[in-house]
Visitor: 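Below: one structure in structure tokens.
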Amino acid sequence: GYPAGVSGTLHLEVEDDLFPENCGSFILEVSGGTGHIQRGGNGLVRMDVRALAPLYTGFLTPEALRLVGALVADDATVRLATALFCGPAPALPDMF
């Protein structure tokens, strides 16, 4: 989920070389801990699908992705994305 106290709208532009149907512009609306996505928007956050996965899971922050050139967005949009994707880093307990 998303943080319950944070709301906002991100306009994503996603590229996917393997599955063209994943490419395009999307609007992510977050409110009350829930996110809804639909096609459309102006693509203020541009990234490849390989950057979307670590962003969505919390493995990498928007700023970290921007620093390595995997995400293109202005400062205000990166701050909003950071607030929306601020969950804990993913973990897998190792119990063998």
Visitor: Is there a path of hydrophobic side-chain contacts, each under 4.5 Å between heavy atoms of I, L, V, M, F, W or Y residues, that connects V49 with F85?
Guide: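 Yes; tracing contacts between hydrophobic side chains, which count when under 4.5 Å, links both residues.
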Visitor: Side-chain heavy atoms under 4.5 angstrom apart, residues restricted to Ile, Leu, Val, Met, Phe, Trp, Tyr: same cluster for L52 and L67?
Guide: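 No, L52 does not connect to L67 through the hydrophobic network.
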Visitor: With E29, which residues qualify under salt bridge (Lys or Arg N to Asp or Glu O under 4.0 Å), at least two apart?
Guide: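 E29 satisfies salt bridge (Lys or Arg N to Asp or Glu O under 4.0 Å) with no residue once adjacent residues are dropped.
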Visitor: With sequence neighbours left out, write down each residue that passes salt bridge (Lys or Arg N to Asp or Glu O under 4.0 Å) with D16, or none if nothing qualifies.
Guide: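 Expected list: none.
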Visitor: What do the steps show when you test L60 against L55 for side chain to side chain contact (heavy atoms under 4.5 Å, CB included), and what is the final call?
Guide: CA-CA 5 Å; L60 292 174; L55 173 66; over 6 Å; no
Visitor: Is any side-chain heavy atom of R66 less than 4.5 Å from a side-chain heavy atom of D75?
Guide: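 Sidechains of D75 and R66: in contact.
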Visitor: List the residues meeting salt bridge (Lys or Arg N to Asp or Glu O under 4.0 Å) with R50, not counting sequence neighbours, and say none if there are none.
Guide: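 Applying salt bridge (Lys or Arg N to Asp or Glu O under 4.0 Å) to R50 gives D48.
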Visitor: Given side chains that start at C-beta, do those of L28 and Y2 come closer than 4.5 Å, heavy atoms only?
Guide: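 When only atoms from C-beta onward are counted, Y2 and L28 do touch, with a gap below 4.5 Å.
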Visitor: Which value, rounded to the nearest 0.5 Å, describes the distance between L44 atom CG and L80 atom CG?
Guide: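 Those atoms lie 10.0 Å apart.
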Visitor: Nearest heavy-atom pair of A83 and C86: which atoms, and what distance?
Guide: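 What the structure gives for the nearest pair is O-SG, 3.4 Å.
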Visitor: Going through the distances and angles, do L10 and T77 end up as a side chain to side chain contact (heavy atoms under 4.5 Å, CB included)?
Guide: CA-CA 8 Å; L10 284 179; T77 305; 3.9 Å; yes
Visitor: Answer yes or no: is there a side-chain heavy-atom contact under 4.5 Å between P62 and V78?
Guide: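 Contact flag for P62/V78 side chains = yes.
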Visitor: Under the 3.5 angstrom rule, does the side chain of H11 hit a backbone N or O of N42 as a donor-acceptor pair?
Guide: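 Side chain of H11 to backbone of N42, a donor-acceptor pair under 3.5 Å: yes, one is there.
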Visitor: Give the minimum heavy-atom separation between L84 and P3, together with the two atoms involved.
Guide: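 Shortest heavy-atom contact: O-CD, 3.4 Å.
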Visitor: Going by side chain to side chain donor-acceptor pair (under 3.5 Å), name the residues that satisfy it together with T61, two or more places apart in sequence or in a different chain.
Guide: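 Once residues adjacent in sequence are excluded, T61 has no partner under the side chain to side chain donor-acceptor pair (under 3.5 Å) criterion.
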Visitor: Minimum heavy-atom separation for A51 and P54, please, with both atom names.
Guide: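 Result for this residue pair: O-CD, 3.2 Å.
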Visitor: If a pair satisfies salt bridge (Lys or Arg N to Asp or Glu O under 4.0 Å) and one of its residues is in residues 84-96, list it, with sequence neighbours excluded.
Guide: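 Of all non-adjacent pairs touching residues 84-96, none passes salt bridge (Lys or Arg N to Asp or Glu O under 4.0 Å).
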Visitor: Please set out all donor-acceptor pairs under 3.5 angstrom arising from side-chain atoms of residues 33-41, sequence neighbours excluded.
Guide:
| from | atom 1 | to | atom 2 | distance (Å) |
| --- | --- | --- | --- | --- |
| R39 | NH1 | C23 | O | 3.1 |
| R39 | NH2 | E21 | O | 2.6 |

Visitor: Can any side-chain N or O of R46 pair as donor or acceptor with the backbone N or O of L71 at less than 3.5 Å?
Guide: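 No, the answer is negative, given that no donor and acceptor are paired below the 3.5 Å cut-off.
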Visitor: Report yes if some heavy atom in the side chain of M47 is under 4.5 Å from a heavy atom in the side chain of L12; otherwise report no.
Guide: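 The answer is yes; the side chains approach within 4.5 Å.
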Visitor: Is it the case that one hydrophobic cluster holds both V14 and L65, taking links as side-chain heavy atoms less than 4.5 Å apart, direct or via other members?
Guide: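 Yes: a chain of side-chain contacts under 4.5 Å links V14 to L65.
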